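Note that the coordinates shown come from a computational prediction; the quantities given were computed from them, not determined experimentally. Just so it is clear: chains get the letters A, B, ... in the order the sequence lines come, proteins before strands, and each one is counted from 1. For the numbers below, each heavy atom of this structure counts, side chains included, while hydrogens, waters and symmetry mates do not.
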Amino acid sequence: MSMHAQFRRRYRLDETPVPFTLNGVLETGRRGDTVLTAILSVSGRLRQSEFTGEDRAGFCLIGACQDCYVMLANGSRVRACSTALLPGMAFITDLDAMAGAAHE
Amino acid sequence: MSEPLQPVIVGAGPAGIRAAERLVRAGLRPIVLDEGQRAGGQIYRRPLIEDGRSYRSRYGSEAGKAQRLHETFEALLPEIDYQPETLVWNISAPKRGNQLDILSSGVHRQIGFSQLILCTGATDRVLPFPGWTTPGVYTLGASQTALKAQGCTIGDRVVFMGSGPLLYLVAWQYMKAGARVEAVLDTAPVTSKRHLLSLAVHAPRIVALGLFYGLQLQLAGVRIRCGVRPEAVLGQGQVEGLRFRRRTLKGDVVETIACDALAYGFALRPETQLADLAGCRFRFNERDRVWLPERDTMGRTSRPDVYVAGDGSGIAGADAAEISGELAAAALLQDMGQRSADTTRLMEARDAILRQRDILERAFPFPDDWIETVPDETMLCRCEEITIAEGRRAIANGSVTEINRLKALSRVGMGRCQGRMCSAAAAELLSAACGTSAGAVGRLRAQAPVKPIPLGFGASAETETRS
Amino acid sequence: MSRRVSVDVAIIGGGLVGSSAALAMRKAGLSVTLLDKGHCGAQASGVNFGGVRRQGRPPEQLPLSQRSHRIWPQLKAIIGIDAEYVRSGHLKLARTEKDFAKLEAYAETTRDYGLGLELVAGAALTERYPWLSAKAVGASLCPEDGHANPRLVAPAFARAAERAGVTVLEQTPVREVTATGNGFVILAGDGIEIRCRQLVNSAGAWSDRFAAQFGEVVPLTRIYPSMVVTEPLPLCLPVSMGEQGGSFYGRQVARGNYVMGGGRGLPLGDPDYSRPSVTAASSVMQRAIALFPHLAHAQVIRFWSGTEAEMPDGNPVIGPSETTSGLFHAFGFCGAGFQTAPAVGEVLAELVTEGRSTTPIDAFSIGRFRKVAVETAALL
């Protein structure tokens, strides 16, 4: 799991913080973020592909490529680029990390 | 249902907004459906919340147009039935009634229409190359959307690649926003730039801006290369660099540039799935290598109650989209028997823009030699993870000559994006294998739903009219 | 005349029946032409659910179905690919006690055909299949039934036939066919003339036109399936499923997509094309959520439909023409021809070479509609 953050914020740096969790770890986004922005501002992947398991982090950002689906802790998924970040959302982008956390 | 049906506009970008404006001025109350949270489309996309940036900061040279468009829309709100965050995923076939299947807040509804104006816009057009699915690789449009609507850059050290004026614009915007622009890689050969001379006659503003951006980038020390072809993204699980080659007088030179993000694209491709489901006839456009719904000069299609406008009817840019939205609405009004205002001026303005597009296409040509060098192991369909090699095998084993057959036998285009990202490449692959032109391999047929819908989409639709 | 072809047998219709017949006849040493107005396998053969199923067929279809059951595992050897064929088992649910009684009765009626049916009821059902919500009273399992990818099978048979020496003419609609007394002449495509001694009418939903030309009117109607496909999902459904009453069927392919169907689609302006009805697709989707709670968050990524042919008694037409010597019919499989087609191909080869089939097909004679045709003619 890549810990490097892909996106760089240039604006809204002082905007209201929005807490969320990523693989069980508390993170902070900003009001006005999409789910994609929030996750990629602190990490480098949204999901793993079904057939080769390679990391994916979105592609078109306008809801066309359908590559940015992110799993929520409740098992549902959202298209990250077109979903607004809400406080308390819990994302899972690394199933191994979650499985590890579950054993603690 | 005894309520009279209203005209419906799908898409609240420049075309949809001007179409709505025209209909409202004529006393109609159209329904305007848009998938996004806020109206404006993509070029004039608005952030989710006000973030204090000025129009000049967000839209640069197009700030005035953006502001006028948004203000127009806001003023229209009381006069229209605006439904944002609404996906139109199906249209009933001709003679099966005028119904749209929509998804809104996870629930399926049907909306009837008296007439339909499709303003469904476009996406970036891409071709695959090794590593194009790596996290950190985005479309050129995506890199601009990230900055415009989310105030982010897709990375810190970014390479931009592709062809078209957008390439230089976005690179310059990123530089201004504080990102390091590692390189601007133009896939057009240097020689094609001569066409910009004739463009300067027809569209001096576009050329001046382009030169300005290019100059500013050069002055900042950004590497600019022409005649580029990508070879591979470097890095596992994240972008670490890009290897590419370019044509020089001494032959092909291979270069590698370190970066943490790549934005690329080769112009745009129209979103025509709804026109297809509506039963409109299509024709292949040779210049843009794409199937477009047949339309007359005002946007009437082969289906009497369906009109098309904007990039979704053929790529021509935001200015042309505004004009074509107004023209489509004017056509609708004419067809209703309303005496409409003279459209000659509008048509002339639109034709002028279309002449510019012709020149732009020559200045920034599609890399039609892509198929000759793309390696076999490159992923062709990123949804289904089908490689070029698997595509070639399916073509050979099945004696495939037609693109829907290719999809059935190889799964290319069967994934969630329904071929948006891979159909251009699939057509190039198939036509090269058959020794025919891109238009001869057929058109990828749209299937409902045009985007994924939840299996449990809540309340079921009211009974569909069956004849 | 752009081309003249002279063969022992011409086959009109390159679906799974026609293309498997072409291969079987070629292997028997005959010269064969296979004609299709479009791509081989693009119609019913390519748009059906993909169930490779014996359970549920009327008993008169079972000998043919059992014969086919022995062919399917040999697909790789016959056509070069296994077309994703898997013996997943076919689980047929009963929603009510009445439905379960029907499943029991069917198991009893077909006891001697060797289907190996197992009836599972009540608690045992959810114990055995924990992913199934408790929305069924019971079920009947046929462990060796299964499914395959319908898009791949017929085209592969056509290509195998071509490799074996069959002349395959796609995009070649038949314009005219006439009996000459010791054979047939077909005019097709762009001036292609085919002369043959024997002729097979396996033209699917278009077979009635050809049958009518030889004085055999049949009450064939078109049906259009409504199919729904999900995105790829974690593997969970190990069996192919159906329901007593036939309103829902579903399977999960190896790549993870759920393919589900039920109800009918609708033809477009051109009746050769169709689309699922949104009402039918919605019902399928709702039924899927009700049966499979683990699909609560799944997404549908496409619908599909297509053209199949139905006969009013639920059985196909297979066998020699009653009016014209050398003509054989094989059509009208009521959306259930996928599994039986390879055997039908072999049967057609037997009919053509030996004049008789080793598998009983009397129940499928075109003659059973003669009375109807006569009555219809009398009314006109």
Expected output: side-chain C:Gln299 to main-chain B:Pro454 donor-acceptor under 3.5 Å: no
Looking at C:Tyr273, I want to see if its OH is surrounded by more than 12 non-hydrogen atoms of other residues, nucleotides or ligands under 6.0 Å. no
Can you tell me which portion of C:Pro267 sits under 4.5 Å from chain B's heavy atoms? Options are side chain, backbone, both or neither. both
Neighbourhood of chain C inside residues 414-424 of chain B, taking heavy atoms under 4.5 Å as contact: B:Met414, B:Gly415, B:Arg416, B:Gln418
Quick one: OG on B:Ser410 to CZ on C:Arg151, what's the gap to the nearest 0.5 Å? 12.0 Å
Based on non-hydrogen pairs under 4.5 Å, which of C:Arg159, C:Met260, C:His297 is most in contact with chain B? C:Arg159
Nearest non-hydrogen partners of B:Glu384 and C:Pro232, listed with the distance: OE2-CG, 4.3 Å
Interchain contact, C:Leu268 with chain B, by part (heavy-atom threshold 4.5 Å): side chain
Report the C-alpha distance between C:Val278 and B:Trp89 in whole Å, list the side-chain angles of each, state the deciding distance to 0.1 Å, and finish with yes or no for side chain to side chain contact (heavy atoms under 4.5 Å, CB included). CA-CA 11 Å; C:Val278 173; B:Trp89 56 267; 4.0 Å; yes
Can you tell me how far CZ of C:Phe303 sits from CG of B:Leu277, rounded to the nearest 0.5 angstrom? 10.5 Å
Starting from the C-alpha separation in whole Å, work towards a yes-or-no answer on side chain to side chain contact (heavy atoms under 4.5 Å, CB included) for B:Ile453 and C:Met285. CA-CA 11 Å; B:Ile453 56 178; C:Met285 290 163 69; 4.1 Å; yes
Tell me, yes or no, whether the heavy-atom count around C:Asp190 atom CG, taken from other residues, nucleotides or ligands under 6.0 Å, exceeds 12. no
Which value, rounded to the nearest 0.5 Å, describes the distance between C:Ile81 atom CD1 and B:Leu409 atom CG? 8.5 Å
Drop me the distance from B:Arg411's CZ to C:Leu152's CG, to the nearest 0.5 angstrom. 8.5 Å
Between the OG atom in C:Ser282 and the CD atom in B:Gln110, the distance rounded to the nearest 0.5 Å is 8.0 Å
Atom group of B:Asn404 that falls short of 4.5 Å from chain C, counting heavy atoms: neither
Evaluate side chain to side chain contact (heavy atoms under 4.5 Å, CB included) for B:Thr401 paired with C:His39, printing each intermediate quantity in order. CA-CA 10 Å; B:Thr401 56; C:His39 294 286; 4.3 Å; yes
Checking B:Asn90 against C:Arg275 for the side chain to side chain contact (heavy atoms under 4.5 Å, CB included) test, could you report, in this order, the C-alpha distance in whole Å, the side-chain angles of both residues, the deciding distance, and whether it holds? CA-CA 11 Å; B:Asn90 185 34; C:Arg275 220 177 260 184; 4.2 Å; yes
For C:Ala42, which atoms come within 4.5 Å of any heavy atom of chain B: side chain, backbone, both, or neither? both
When you compare the side chain of C:Val300 with that of B:Pro449, does any pair of heavy atoms fall below 4.5 Å? yes
How long is the straight-line distance from CD1 of C:Ile289 back to CG of B:Leu455, given to the nearest 0.5 Å? 4.0 Å
